[in-house]
Each structure stands twice: as structure tokens, then as C-alpha cells.
Amino acid sequence: MVKDLFDRIKGDKGPLGKWADKAEGYYVFPKLEGPISNRMQFNGKSVVTWSINDYLGLANHPEVLKVDGESAATDGMAYPMGARMMSGHTKYHEQLERECAEFVGKEASYLVNFGYQGMVSAIDALVGKDDIIVYDMDTHACIIDGVRLHAGKRFVYRHNDIESCEKNLKRATKMAEKTGGGILLVSEGVFGMRGEQGRLAEIVALKEKYNFRLLVDDAHGFGTLGEGGRGTGFEQGVQDGIDVYFATFAKSMAGIGAFFAGDKDVVQYLQYNMRSQMFAKSLPMPMVKGALKRLDMIRTMPELKDKLWEITNALQSGLRNAGFDLGTTQTCITPVYLKGEIPEAMAMVHDLRENHGVFCSIVVYPVIPKGLIILRLIPTARHTMEDVKETIEAFTAIREKLENGTYKKIAETIMAE
């Protein structure tokens with residue numbers, strides 16, 4: 001007898017889905033309202049907002065809004081219509097690709113509509129069944145999904161562990177010698193949950209011993225690290241050792257879209273073989289012209305990155321001085337590690353938002369191990385020192401309630417309802 005496909009769905013909603021009735025609309029799928037800024041409206045209250053990936057404060061910058069609005073008015077959201085290969089190609093797409101390539105020190109670049117979609121498709125295009133993938137176990141979901149499409153062998157190494165990385169490169173080398181394939185190593189420039197930089201310099205150094213190509217997802221490094229915001233490869237002095245460089249417009253650029261950059265022949269190969277782009281509508285003109293403006297502002301307004309790091313340093317040093325564990329972050333991403341279960345985390349975040357006016361992302365199992373809570377803060381150039389002060393005071397107050405069992409008692413009451 002064939003089971004009903006939906007029987008499993010009804011019986012097991014997943015580790016996060018099982019909390020949907022109590023969490024949806026507040027803890028997950030929350031609705032922040034008002035202009036994107038350091039303070040927004042949530043649940044009818046003004047809150048200091050630390051969960052917006054608008055690192056450089058460009059989302060509602062007057063110059064950006066002007067370009068976005070003018071393009072929307074003259075070009076509309078439909079133009080250009082169709083896939084790039086057929087009818088959706090323009091001189092502005094080409095201009096943006098040239099400028100992105102130049103900015104990150106590569107020969108050529110190729111625009112993609114969405115970073116997640118693009119990464120999945122790029123991995124699929126770069127490797128064949130005889131090739132081997134080696135990747136960091138903490139890489140973003142888009143990389144994991146790309147690896148899942150691979151019909152060949154893959155090896156995963158312990159997070160940012162170069163000894164483990166080399167061990168798996170040795171395994172991959174032996175396997176590739178048998179299959180006649182090559183090796184693709186995938187890492188992130190900045191790991192978005194922990195805020196750690198990938199150990200790119202040490203990975204690139206391994207090229208002296210092993211024959212592999214390196215793909216780096218630098219979503220959080222682009223615009224925030226390196227000279228002029230050119231990314232983690234520049235920060236570590238190894239941009240030339242990155243064979244395929246990826247950055248998204250969704251973080252520092254506060255937009256939509258992404259790009260891959262590298263040698264011209266590799267980029268052209270992606271251009272003609274990435275199925276997610278060959279069969280998808282072109283990036284709309286307001287997104288393209290808006291990205292050109294944002295990139296120009298990153299190039300010509302270094303004070304934006306300077307302000308971002310001023311806020312970041314004040315927030316991170318203040319939290320550490322107050323005794324909080326921020327792990328090993330080396331970037332603007334500021335994870336605050338606390339101990340507790342999911343119901344306690346829900347009670348704590350409710351208190352933080354309703355009574356202290358601070359909104360940040362909450363990360364719990366299954367994203368991280370059971371018994372651990374991460375409150376993840378994303379500083380921006382729009383934040384102020386007053387925001388930092390209020391947040392540190394709020395975190396100090398909620399930590400005390402977490403440790404003395406107040407949230408556990410509240411959680412027990414909520415779960416009993």
C-alpha cells in the first residue's frame with residue numbers, strides 16, 4: 001500500500017515547525033515596520049533593530065532612494081523582460097559586471113538574480129560526476145544545497161580546521177586520481193552565524209601541496225572587510241588565490257542580486273552553464289541601476305565603513321566588558337552566546353523586545369546544538385552610541401533573569417497553556 005505523502009508532514013512538522021503555533025508572527029516571521037533604520041516598529045513599539053543586513057546604512061540613504069525611484073518610474077520592474085541569453089540583456093548589466101570585477105580585483109564577473117539560487121547553480125555547473133568537493137561543515141545552506149546536487153564524491157572538514165581540511169584534501173586527491181576528475185574546495189569569507197573569517201590564507205597556502213580550485217562565498221565580507229570594503233580576500237591578502245569569488249548585494253549593498261568573479265574563461269563558462277540564470281528572468285533594471293549607485297558609494301564614501309566599525313567595536317567591547325561571550329567573531333557579526341532551552345529563549349526574547357525595546361535575531365536548535373542560545377546582532381552605520389548603551393544594559397538585565405530561573409518559570413507557564 002502506498003502511503004499518503006502528506007502523512008509524514010502531518011505527524012512531523014520538523015524541529016522548528018513544531019513551534020509554529022506559539023512562535024509564528026513573533027519569534028519567527030516577525031513583522032518589522034517603518035523605514036529600514038537603526039530603530040523600527042515592532043508589535044506597536046519602537047525598538048533598536050539589530051537584525052537588518054544593512055551594514056553600510058544604504059537601504060534608505062537619500063541618494064540610493066533617488067536612483068531606485070527614478071529607475072522604477074522610467075524603466076518599471078518588468079524591464080528587461082526575459083532571460084539574459086534571450087532578451088533580458090542590457091548595457092547596464094554589462095557595466096555592473098565590469099565594475100564589480102574591477103572592484104574585487106578579478107578579470108570578469110557575472111550577475112545572478114539571487115545569491116542563494118546562484119550559489120546552488122554555480123556549484124552544480126562547476127563540478128561533474130568525476131570531480132570531488134571539499135567543504136567546511138559550517139558553510140551556508142546555499143552551499144550545502146549546491147553540494148547535495150553533486151553526483152560525485154564530497155568530503156566535509158571540521159569548521160575552520162586546517163588540519164581537517166588538509167586531511168580531506170588528501171582523501172580527495174586520492175579519489176580524483178581514480179576518477180580522473182578535479183577538486184573544488186568551498187569556504188566562506190565570513191561565516192554568518194559565528195562571525196568568524198574563513199581561514200583563506202591558510203587554505204590558499206595548501207595550493208602549494210594540492211591541486212584544487214577555491215570557491216569563496218563572501219556575502220558578509222564584501223563591503224565590510226579589506227581595503228575599501230573589497231572583501232575578506234583583500235583583508236587577508238589572498239584575493240589572487242581565490243579562483244571563484246562570490247558576493248551578494250543583499251548585505252552591504254542592501255539590495256537584491258549577486259555576482260561571481262574570476263578569470264574570464266571561468267566566468268564565461270558559468271554564464272553559459274548556470275541553469276538558474278539561463279532559464280530565469282533577468283535582474284530588473286531598478287536593481288541593476290541601484291546596485292551601480294550603491295557600489296559607487298562604497299568606493300567613494302569610506303566613512304560609511306568607518307562608521308560601521310566604530311559602532312561594531314563599541315558594541316563588541318562593551319558586551320565583552322560586561323562579561324558576555326561573543327565567541328571568536330572577527331567581523332561585524334556579533335553573536336552573544338547564552339545557555340538555555342527553546343522555551344526559555346522565547347520568554348527571554350519577548351522580554352527583550354517588549355520591555356527593553358531591543359530587537360535582534362534569536363538562533364536555537366537545530367541551527368545550533370541543544371541547550372545553547374545565540375542572540376545575533378548585526379551593527380550598521382546607522383546605529384548610534386546610545387543604541388549600543390541601551391542594548392548592553394538590556395542584555396545585562398535579561399542575562400540575570402535567564403540565570404536566576406525567571407524565564408524558565410515563565411516558559412513552563414507558556415508551555416502549559
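Keep in mind that the numbers below use all heavy atoms, side chains included, and drop hydrogens, waters and symmetry copies.
A cation-pi contact, defined as under 6.0 Å to the ring centre and within 45° of the axis, is absent between K106 and Y245. Taking the centre and axis of the six-membered ring of Y135, the NZ or CZ atom of R154 falls outside the cone set by 45° and 6.0 Å.
Electrostatic pairing of K153 and D131 does not count as a salt bridge here, judged by no charged N lying under 4.0 Å from a carboxylate O. Using a 4.0 Å cut-off between charged nitrogen and carboxylate oxygen, K167 and E163 do not count as a salt-bridge pair. In summary, K251 and D54 do not engage in a salt bridge, as defined by a charged side-chain N under 4.0 Å from a carboxylate O. Ion pairing between R230 and E235 fails under the 4.0 Å rule for side-chain N and carboxylate O.
With no hydrogens or angles considered, a side-chain donor-acceptor pair links Y116 and D145 at under 3.5 Å. A donor and an acceptor atom, one from each side chain of Q277 and Q117, are located under 3.5 Å apart. Between the side chains of E166 and Y210, a donor-acceptor pair is found at a separation under 3.5 Å. Looking at H356 and E390, their side chains never bring a donor and an acceptor atom within 3.5 Å of each other. Side-chain contact annotation: S187 with D136, donor-acceptor N/O pair under 3.5 Å absent. Between the side chains of Y26 and E354, a donor-acceptor pair is found at a separation under 3.5 Å. In the model, D387 has a side-chain atom that pairs as donor or acceptor with a side-chain atom of T384 under 3.5 Å. A side-chain donor-acceptor contact under 3.5 Å links H89 and E94. N313 and S317 are not linked by any side-chain donor-acceptor pair at a separation below 3.5 angstrom, with hydrogens and angles left out of the test. Between the side chains of S37 and R382, at least one donor N or O sits under 3.5 Å from an acceptor N or O.
Partners of I378 according to the side chain to side chain contact (heavy atoms under 4.5 Å, CB included) rule, which considers only residues two or more places apart in sequence or in another chain, are N53, Y55, I333, R376. Annotation: salt bridge (Lys or Arg N to Asp or Glu O under 4.0 Å) contacts of D325 (sequence neighbours excluded): none.
In this structure, F259 and F249 have tilted ring planes: the angle between them lies in the 30° to 60° band.
The nearest pair of heavy atoms linking Q316 to T331 is NE2-O, 2.9 Å. Nearest heavy-atom pair, P379 versus C332, reported as atom, atom and distance to 0.1 Å: CD-O, 3.0 Å. Here the shortest heavy-atom pairing between T179 and D130 reads OG1-O, 2.6 Å.
Looking only at side-chain heavy atoms (C-beta outward), L206 and F212 come within less than 4.5 Å of each other. Side chains of I183 and T173 form a contact here, defined as non-hydrogen atoms less than 4.5 Å apart.
Screening E99, H93, E97 for a side chain to side chain donor-acceptor pair (under 3.5 Å) involving Q95 leaves a single residue, E99.
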Q | salt bridge (Lys or Arg N to Asp or Glu O under 4.0 Å) between D68 and K293, worked out | A | CA-CA 9 Å; D68 288 352; K293 178 61 179 178; over 6 Å; no
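Here the straight-line distance linking atom CG of L372 with atom NZ of K339 works out to 8.5 Å at 0.5 Å rounding.
Within the 6.0 Å centre-distance limit, the rings of F103 and F222 are counted as a close aromatic pair.
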